[in-house]
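One structure below.
All figures in this text were calculated on a predicted structure; none of them were measured in a lab. To find a chain, count down the sequence lines: A is the first, B the second, and so on, and within it residues start at 1.
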Protein chains: 2
Amino acid sequence: MSEERYFTISELANIFDISSRTIRYYEEMGMLTSVTRESLTKQRSYTNTERRRLKLILRGKKLGFSLQEIKEMIDLYESNPEGKVERERIIEFADKKLKEIDEQILQLQILKEEILAHRKRFLDVKQT
Amino acid sequence: MSEERYFTISELANIFDISSRTIRYYEEMGMLTSVTRESLTKQRSYTNTERRRLKLILRGKKLGFSLQEIKEMIDLYESNPEGKVERERIIEFADKKLKEIDEQILQLQILKEEILAHRKRFLDVKQT
DNA sequence: ATCTAAGTGTACGTTAACGTCAACTTGGAG
DNA sequence: CTCCAAGTTGACGTTAACGTACACTTAGAT
């Protein structure tokens, strides 16, 4: 399953419709790690793994999370916890995030209802 | 039903756990209108209507919308459309927002599933 | 009337998340 | 080898959404 497909920075940028600068910025922030092939080259190269990470980051952004929050999630997501304490910390964090997400979904549903109600009021008014 | 309860700026700030500066900023942006009582006083006074608006704004923020987006929604929400064209524009806007919200809910559910799966993996590992 | 906590306008400061520009370096087509 | 589009590293610019500081003004308890 090891597809050794490599992406240049502008390829990734095009795929996700963002700028190269943005990708470099994410790397600068430690949210992305480019695979500089054997340090022979100075240009960045990305694998499918990075592609997926980028997708994760962008989804997080769309959902209103800050880059810092996203970084925290990804870091935990990819950490390999040694002891029991570490694992418990992760579980705890996950539960916290799940609660936040549920709350967010709930709020979105409320907003949705309100917009629907509002929309209906305008449909009802057939004549001025 | 006309409860003539008035709020000072810091009362509202305390209620929503934000700063007075933030409220003034929202007003400056045209998202909030203080009721300066008969222009006798120079201090702001808010009614329950403004309280609700503020709640709307803060919910929007929590959901990742920018103040500009929230302003657009509120403006449309409170506009009294004259003609048919105006009403249609509002319906259209509402439908667009509803789609966005549904998409956002979907993305949140996906994220939720991923976190749950990840969480499960750590629960499964009982012994190191 | 007075005093003080709360409010006001004005203005400059701050942080996140990039945009933009300049002065190079790199790599692949011809 | 030669070129040039694409990439790189700084560094400074920008915008949204407030924070903060200052020099007043206002309101309400005493």
Report task. Indicate yes or no for a side-chain donor-acceptor contact from A:Thr8 to the backbone of A:Glu11 under 3.5 Å, with no hydrogens or angles considered. Result -> yes
Report task. Quickly work out the A:Lys71 NZ to C:dC18 C1' distance and round it to whole Å. Result -> 18 Å
Check: protein-nucleotides 1-6 of chain D nitrogen or oxygen pairs below 3.5 Å:
none

Requested in this report: Just need the stems in DNA chain D: three or more back-to-back Watson-Crick or G-U pairs, each with both distances under 3.5 angstrom, sorted by first number.
Outcome: C:1-30 with D:1-30
**Report entry** Minimum side-chain heavy-atom gap A:Gln109-B:Ile101 below 4.5 Å
**Finding:** no
Report summary line: Only one of A:Thr49, A:Ile15, A:Ile18 passes side-chain contact (heavy atoms from CB on, under 4.5 Å) with A:Leu54, and that residue is A:Ile18
Report task. Report yes if the side chains of B:Phe16 and B:Ile23 come closer than 4.5 Å at any heavy-atom pair, otherwise no. Result -> no
Query raised in the report: D:dT8 C1' sits how many Å from A:Leu12 CG, rounded?
Result: 16 Å
**Report entry** Euclidean distance, atom OH of residue B:Tyr25 to atom P of C:dC12 [Å, nearest integer]
**Finding:** 17 Å
Query raised in the report: So do the side chains of B:Phe65 and B:Gln104 get within less than 4.5 Å of each other, counting heavy atoms only?
Result: yes
Requested in this report: Return the value, rounded to whole Å, for the distance between atom CD1 of A:Ile18 and atom P of C:dC18.
Outcome: 8 Å
Query raised in the report: Between A:Tyr26 and C:dA17, is there a side-chain N or O to OP1/OP2 distance below 4.0 Å?
Result: no
Query raised in the report: Could you give the CD-to-P distance, from B:Glu27 to D:dA17, as a whole number of Å?
Result: 17 Å
**Report entry** Under-4.0 Å side-chain N/O to phosphate OP1/OP2 contact, B:Arg24 with C:dG7
**Finding:** no
Requested in this report: Answer whether the closest heavy-atom distance between the side chains of A:Glu27 and A:Tyr46 falls below 4.5 Å.
Outcome: yes
Requested in this report: Give a yes or no on whether the backbone of A:Ser66 and the side-chain of A:Glu69 come within a donor-acceptor separation of less than 3.5 Å.
Outcome: yes
Report summary line: Between A:Ser20 and A:Ile9 the two heavy atoms that sit nearest each other are O-CD1, 3.7 Å
Query raised in the report: Quick one: on DNA chain C, does B:Glu28 or B:Glu11 contact a more 5' nucleotide (nearest heavy atom)?
Result: B:Glu11
Query raised in the report: Would you say B:Arg53 and B:Leu32 make side-chain contact, with heavy atoms under 4.5 Å?
Result: yes
Query raised in the report: Partners of A:Tyr77 by ring pair (Phe, Tyr, Trp, His ring centres under 6.0 Å), sequence neighbours excluded?
Result: B:His118
Could I get a table of every N or O pair under 3.5 Å where one atom is in the protein and the other is in nucleotides 1-3 of chain C?
none

Query raised in the report: Do B:Lys97 and B:Glu100 sit within salt-bridge range, that is, some charged N less than 4.0 Å from a carboxylate O?
Result: yes
**Report entry** Within-4.5 Å side-chain heavy-atom neighbours: B:Arg52 and B:Asn48
**Finding:** yes
Query raised in the report: Which of these nucleotides, C:dA17, D:dT26, C:dG7, is closest to any side-chain atom of B:Lys42?
Result: D:dT26
**Report entry** pair B:Phe93-B:Leu98: side-chain heavy atoms closer than 4.5 Å
**Finding:** no
Using nucleotides 19-24 of chain C, report all nitrogen or oxygen pairs with the protein that are shorter than 3.5 Å.
unit_1 : atom_1 : unit_2  : atom_2 : d
C:dG19 : OP2    : A:Ser19 : OG     : 2.5
C:dG19 : OP2    : A:Thr22 : OG1    : 3.3
C:dG19 : N7     : A:Arg21 : NE     : 3.3
C:dG19 : O6     : A:Arg21 : NH2    : 3.1
C:dT20 : O4     : A:Arg21 : NE     : 3.2

Query - Residues B:Arg89, B:Glu92: salt bridge by 4.0 Å N-O rule - result: no
Query - Side-chain heavy atoms of A:Leu67 within contact of A:Ile57, under 4.5 Å - result: yes
Query raised in the report: When you check the gap from the basic side-chain N to the acidic O, do A:Glu50 and A:Lys55 get nearer than 4.0 Å?
Result: no
Report task. Mind running a 4.0 Å heavy-atom check of residues 53-69 of chain B against DNA chain D and sending the residues that fall below it, in number order? Result -> B:Lys61, B:Ser66, B:Leu67
